[in-house]
Amino acid sequence: MVLFLHISSRVADEPYPRLLRDKGGSGFPTLLFMDAAGDVLLKQRGRDVEAFTTSLERLERWRELERLRASGDPGIAYELLMAEIDLGRVDFPAAAAQRQTFGELDPEQERALDAQLTNLESEHLIKKKGPHAGPDLLQMWEAGRIPTGAAGRGFYDALLDHAADQKDAKQFVRFLSEMKRAYGKERRLRPYFKERQEQVRDLRRGN
């Protein structure tokens, strides 16, 4: 099931005035994939046909894996967990617990799953500890466990805040340089990097 939520004005006697907010919508238009019970399966990001088709394929594959699990097929555990992570249907504690039940994985599977778990752990720490997540994220960084994608942006952003709170200009510059190497080509982040660069001057002045 696909639900388009595009509410431009309040309608008199609308029975679900909070539907957009209740389903996780944050702007117009909002496109959600939902099941028959109204539970959100996936929030669509891209708005072109290709992005829509890809999302639908990901959901169909996940549902097929769910059917295989229900039938007792033990050989799909790894693929199912990766699909659930991809769709945002599992958090870090649950994913890490499932990982412990797996047997030996081949090196490629091991690398792929570890990368996903690293992303999930970073997001989990930031969500759980907020501005106090810095020390835990620093431990991840020191161990070479660096998130990627959107998780990586949040990871470095939190590390920069932590370094700023500690008045550690050297560490701040290092995190900023690493973040620029990973995300510096994203034009929408230019104002962000400019603002962070200004912080470097303030930290070096002892402000």
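The structure presented is a predicted model; accordingly, all values stated were derived computationally and were not measured.
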Flag, side chain of [X] to backbone of [Y], donor-acceptor distance under 3.5 Å:
| X | Y | value |
| --- | --- | --- |
| Arg58 | Ala83 | no |
| Asn119 | Thr148 | yes |
| Ser122 | Thr118 | no |
| Tyr183 | Gly149 | yes |

Shortest non-hydrogen contact from [X] toward [Y]:
| X | Y | result |
| --- | --- | --- |
| Arg204 | Val173 | NH2-CG2, 3.6 Å |
| Met82 | Leu113 | SD-CD1, 3.7 Å |
| Leu176 | Leu160 | N-CD2, 3.7 Å |
| Ala96 | Leu117 | N-CD2, 4.1 Å |
| Trp62 | Leu80 | CD1-CD1, 3.9 Å |

Q | Verdict with reasoning, Glu121 to Asp136, per side chain to side chain contact (heavy atoms under 4.5 Å, CB included) | A | CA-CA 10 Å; Glu121 183 176 4; Asp136 296 286; over 6 Å; no
Exercise. Would Glu66 and Arg69 satisfy salt bridge (charged side-chain N to carboxylate O under 4.0 Å, His left out), going step by step from the backbone distance to the final call?
Worked result: CA-CA 5 Å; Glu66 281 283 298; Arg69 178 169 66 176; 2.6 Å; yes
Practice problem: List the steps and the verdict of ring pair (Phe, Tyr, Trp, His ring centres under 6.0 Å) for Phe175 and Trp141. | Solution: CA-CA 10 Å; Phe175 293 145; Trp141 177 80; 5.0 Å; yes
Please lay out, stage by stage, how Tyr156 and Glu178 fare under the test side chain to side chain contact (heavy atoms under 4.5 Å, CB included). CA-CA 8 Å; Tyr156 278 115; Glu178 289 188 9; 2.8 Å; yes
query = So, Gln199 and Arg196: side-chain donor and acceptor under 3.5 Å apart, yes or no?
reply = yes
Between Arg111 and Glu108, does the side chain to side chain contact (heavy atoms under 4.5 Å, CB included) criterion hold? Intermediate values first, please. CA-CA 5 Å; Arg111 285 192 296 272; Glu108 184 176 347; 4.1 Å; yes
_Salt bridge or not between Arg61 and Glu64? Use side-chain N to carboxylate O under 4.0 Å._
no
> Mind checking whether Gln116 and Phe92 have side chains closer than 4.5 Å, heavy atoms only?
Replying inline: no
Does any part of the side chain of Glu110, heavy atoms only, come nearer than 4.5 Å to the side chain of Asp106, both counted from C-beta?
no
The reported gap from CD in Gln197 to CG in Asp202 (rounded to nearest 0.5 angstrom) is 11.0 Å
Between the CG atom in Leu81 and the CD atom in Gln109, the distance rounded to the nearest 0.5 Å is 11.0 Å
